[in-house]
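Residue numbers start from 1 in every chain, and the chains themselves are labelled A, B, ... in the order their sequence lines are given, proteins ahead of strands.
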Protein chains: 2
Amino acid sequence: MYIKNKDEATEDLIKKTAKKLFFGEGKFNATTQEIADAAGVNRTLINYYFRSRDKLFEIVFADAQEKEQQRTESIVFSELPFKAKIEEFIDDSFVMAKEYPYMEIYLVTQFNQGCYFKDEEGMERMLKKFYEEVLVEMEKGTIDKMAPIQFIINMVSLISFPISMRPLFQRTMRLTDEEYEKIVDDRKDIIMNTLFRNQNKINQ
Amino acid sequence: MYIKNKDEATEDLIKKTAKKLFFGEGKFNATTQEIADAAGVNRTLINYYFRSRDKLFEIVFADAQEKEQQRTESIVFSELPFKAKIEEFIDDSFVMAKEYPYMEIYLVTQFNQGCYFKDEEGMERMLKKFYEEVLVEMEKGTIDKMAPIQFIINMVSLISFPISMRPLFQRTMRLTDEEYEKIVDDRKDIIMNTLFRNQNKINQ
DNA sequence: ATTTTGTTTAACAAAAATGTTAAACACTAT
DNA sequence: ATAGTGTTTAACATTTTTGTTAAACAAAAT
């Protein structure tokens, strides 16, 4: 039998390259030729391994969704206390964002074009669990009382927006790469302080 | 001479339709045929009025940028007190978002593909002015002390993210249109409370 | 060695999208 | 009425992108 390494190598290389272009560089409309060039392979290999451009896109999209969800799940269902979970989530998001800054925005554009969702069950379980924890914290007074969904929206907004909108922000505010990275680095404490009413303020 | 109405009517109709498709429905890859169909005109009229697809895109993009900036400028340079400006900005953003929910995300994807910026001077003046006001508020203790840019990022994130990410959010959280609109309606107070350390809490 | 199996390539075909032209059309001013 | 002007249309041409096929190729098994 043929060595399994080689074919999986190219197949994987193509997938990796597509991800890099989509999520890493924001080139959502990359043609098969562009992907092939970036990967240094013949264009028709995309058809050989993935049948069609659409199939490749589907796979990459599904992968991205799954990864996002697993990432979140492993934090939500961990044994960490609430506040630590949020910190973990922030750290994790920023790490992810370094490699794939355009991931979330890509997911959104895909959803706009009428994409289905993957593991709906898992998502629901996770949300329920997190909801409950949020409610407990509100009872304790650690966070302001509001609809739990609003707390989640606040949290995700504060974390994800500056990542997704980096090109717009950085240009608008005329910031260098270094300046922007500094800002992102500083954000963890700021987000924590904003979400947790500044009790036990971390940075002062 | 020919009636000026008619030609401006179609030209404008095409622009309006393109905007509706891009910003209103998130169809960033609409073909000239799709735009023409949606506008109910012959496809080649796009070439007649705009020369090429790219030119049309450029114009729509420039328009969007300009509108956003003017909108923001008129608030920043108004005579309102700081807090009222923010409220105004929130209201304004939500109105805009009703018609063009995908506007900001479109701007970002365009920037990703290497787009230039329009009125850089104006933007700079505006930012400077707002920075100063933010600093004053921090001195007064109305808002937490942090780099002014971080306050701005917080503000814009809390406002724009739930709009831009609506399809993702709504799907993920399994919400109906009515439920989501309710959430957006509730957000104004939540955002104000989050930004202003909950003094004089609006909603309790 | 040669058959088998899977991979890669280039040439070709097909499809999709854009752009151009010239003729038809509508309206108005003369 | 018709000459003039700008608009709209359909037919055509071009370009871009995708998909297919058959042959070349490489490695391993017989």
(request) Report the nucleotide, chosen from C:dT18, D:dT8, D:dG19, that has the shortest atom-to-atom distance to any side-chain atom of A:N47. (result) D:dG19
Length of the [atom1]-[atom2] vector between [X] and [N], whole Å:
X     : N      : atom1 : atom2 : result
B:E34 : C:dA16 : CD    : C1'   : 11 Å
A:N29 : C:dA17 : CG    : P     : 12 Å
B:D37 : C:dA16 : CG    : P     : 15 Å
B:L13 : D:dT8  : CG    : C1'   : 14 Å
B:Q33 : C:dA15 : CD    : C1'   : 15 Å

(message) Is A:T31 close enough to D:dT17 that one of its side-chain N or O atoms is under 4.0 Å from OP1 or OP2 there?
(response) no
(message) Less than 4.0 angstrom between a side-chain N/O of A:T10 and OP1 or OP2 of C:dT8, yes or no?
(response) yes
Listed pairs, N/O of protein and of nucleotides 9-11 of chain D, under 3.5 Å:
{"unit_1": "D:dT9", "atom_1": "OP2", "unit_2": "B:N42", "atom_2": "N", "d": "3.4"}

(message) So that I know where these two stand, are A:F94 and A:F89 an aromatic pair - ring centroids less than 6.0 Å apart?
(response) no
(request) Check B:F61, B:Y102, B:F57, B:F28 against B:F22 for a ring-ring contact (aromatic ring centres under 6.0 Å, His included) and give me the one that passes. (result)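 Single ring-ring contact (aromatic ring centres under 6.0 Å, His included) partner of B:F22 among B:F61, B:Y102, B:F57, B:F28: B:F57.
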(message) With a 3.5 Å distance limit and no angle check, can you tell me whether B:T31 reaches the backbone of B:E34 through a side-chain donor-acceptor pair?
(response)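 Present.
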(message) Taking A:E68 first and then A:R71, would you say they form a salt bridge - that is, a charged N and a carboxylate O separated by under 4.0 Å?
(response)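 Salt bridge present between A:E68 and A:R71.
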Counting only pairs under 3.5 Å, give me each side-chain donor-acceptor contact of residues 146-163 of chain A, with atom names and distances, residues two or more places apart or in other chains.
{"unit_1": "A:Q150", "atom_1": "OE1", "unit_2": "B:R187", "atom_2": "NH1", "d": "2.8"}
{"unit_1": "A:Q150", "atom_1": "NE2", "unit_2": "B:I183", "atom_2": "O", "d": "3.0"}
{"unit_1": "A:N154", "atom_1": "OD1", "unit_2": "B:R187", "atom_2": "NH1", "d": "3.2"}
{"unit_1": "A:N154", "atom_1": "OD1", "unit_2": "B:R187", "atom_2": "NH2", "d": "2.6"}
{"unit_1": "A:S157", "atom_1": "OG", "unit_2": "A:I153", "atom_2": "O", "d": "2.6"}
{"unit_1": "A:S160", "atom_1": "OG", "unit_2": "A:E104", "atom_2": "OE1", "d": "3.2"}
{"unit_1": "A:S160", "atom_1": "OG", "unit_2": "A:E104", "atom_2": "OE2", "d": "3.0"}
{"unit_1": "A:S160", "atom_1": "OG", "unit_2": "A:V156", "atom_2": "O", "d": "3.4"}

(request) Quick one: sort the A:Y106 and A:F23 rings into parallel, tilted or perpendicular, breaks at 30° and 60°. (result)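 Taking A:F23 first and then A:Y106, their aromatic rings stand perpendicular (interplane angle over 60°).
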